Amino acid sequence: MMGGDAVLLALFLPSAGMGAVFLVYICLLCYSASIHNDNSGIPTTHVKRPPEKGLSASDLEKLPKVAGKDLVLATDCAVCLDEIESEQAARIIPGCNHGFHLECADSWLSKNSICPVCRGKIVPELLNPPEIDPC
């Protein structure tokens, strides 16, 4: 009977080992499928990010408009990479004073509430500066 037990043990151990390897493989497949859940092939994370929110049309109107010749920091638009001519309308972002073509700034800021140059956040306080009492 000893010889039979050895044969049975010799057949069972490799089968149990292969079963354990198969189980680990299935777990890894399930984990991989949960990471790649958008079918794009690009790994996604399970961390929720707040949606990007740009400025409204009324907020855009509150931002200063100047002529290109009045820009202080630079005369290149960081959105389209073209030079801002002296007669072109430009928009300045309060706080950082970066300037852009009016259309480029409005297009960018309607989708993002940050400066495209310094990534400074455009907060409501910049759009509605406190009124100064003349007295």
Side-chain angles (χ1 to χ4, degrees):
M1 191 84 171
M2 280 283 230
D5 288 337
V7 171
L8 187 61
L9 195 57
L11 293 175
F12 174 74
L13 284 179
S15 298
M18 289 300 291
V21 169
F22 181 72
L23 184 62
V24 169
Y25 177 73
I26 295 299
C27 289
L28 288 174
L29 281 178
C30 290
Y31 176 75
S32 176
S34 71
I35 289 178
H36 294 85
N37 60 359
D38 64 355
N39 295 329
S40 68
I42 301 171
T44 57
T45 60
H46 296 284
V47 177
K48 278 190 164 184
R49 284 193 235 165
E52 285 289 325
K53 185 181 175 211
L55 301 179
S56 67
S58 63
D59 286 342
L60 288 173
E61 286 302 315
K62 294 176 185 175
L63 295 174
K65 295 180 210 174
V66 297
K69 64 182 176 195
D70 297 327
L71 291 175
V72 176
L73 292 180
T75 59
D76 291 333
C77 177
V79 177
C80 70
L81 305 177
D82 281 340
E83 185 175 346
I84 303 170
E85 301 294 330
S86 61
E87 71 280 352
Q88 286 181 310
R91 190 172 299 282
I92 295 179
I93 296 180
C96 63
N97 292 325
H98 289 122
F100 312 92
H101 290 115
L102 183 68
E103 300 82 20
C104 296
D106 289 357
S107 175
W108 172 271
L109 294 172
S110 67
K111 296 177 187 87
N112 308 284
S113 59
I114 58 173
C115 173
V117 173
C118 66
R119 301 291 191 201
K121 182 131 180 79
I122 301 170
V123 292
E125 293 80 30
L126 294 175
L127 300 173
N128 300 315
E131 296 197 16
I132 299 172
D133 189 10
C135 296

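Source: prediction; values computed, not measured.
Between Val79 and His101 the shortest side-chain heavy-atom distance does not fall below 4.5 Å.
Considering CG of Leu28 and CG of Leu23, their distance stands at 10.0 Å, rounded to 0.5 Å. Note that CD of Gln88 and NZ of Lys69 are 13.0 Å apart. Values are rounded to the nearest 0.5 Å. A distance of 11.5 Å separates OG of Ser110 from CG of Asp59, quoted to the nearest 0.5 Å. Atoms CG and CZ, on Asp106 and Arg91 in that order, are 4.0 Å from each other to the nearest 0.5 Å. Atom CG of Asn112 and atom OG of Ser107 lie 9.0 Å apart (nearest 0.5 Å). The line from CD1 of Ile93 to CD1 of Ile122 is 4.0 Å long, rounded to the nearest 0.5 Å.
Linking Ile, Leu, Val, Met, Phe, Trp and Tyr residues whenever their side-chain heavy atoms come within less than 4.5 Å leaves Val66 and Leu63 in two separate clusters. Residues Trp108 and Val117 share a single hydrophobic cluster, defined by chaining ILVMFWY side chains whose heavy atoms lie under 4.5 Å apart. No path of Ile, Leu, Val, Met, Phe, Trp and Tyr side chains, each step under 4.5 Å between heavy atoms, connects Phe100 with Leu71, placing them in separate hydrophobic clusters.
Heavy atoms only, all atoms of each residue included: Cys115 and Cys118 are closest at SG-N, 3.6 Å. Ser86 and Ala67 make their closest contact through O-CB, 3.8 Å (heavy atoms, listed as atom of the first residue, atom of the second, distance). Nearest heavy-atom pair, Ser113 versus Leu55, reported as atom, atom and distance to 0.1 Å: CB-CD2, 4.1 Å. Across every non-hydrogen atom of Ile84 and Gly68, the tightest pair is CG2-CA, 3.8 Å.
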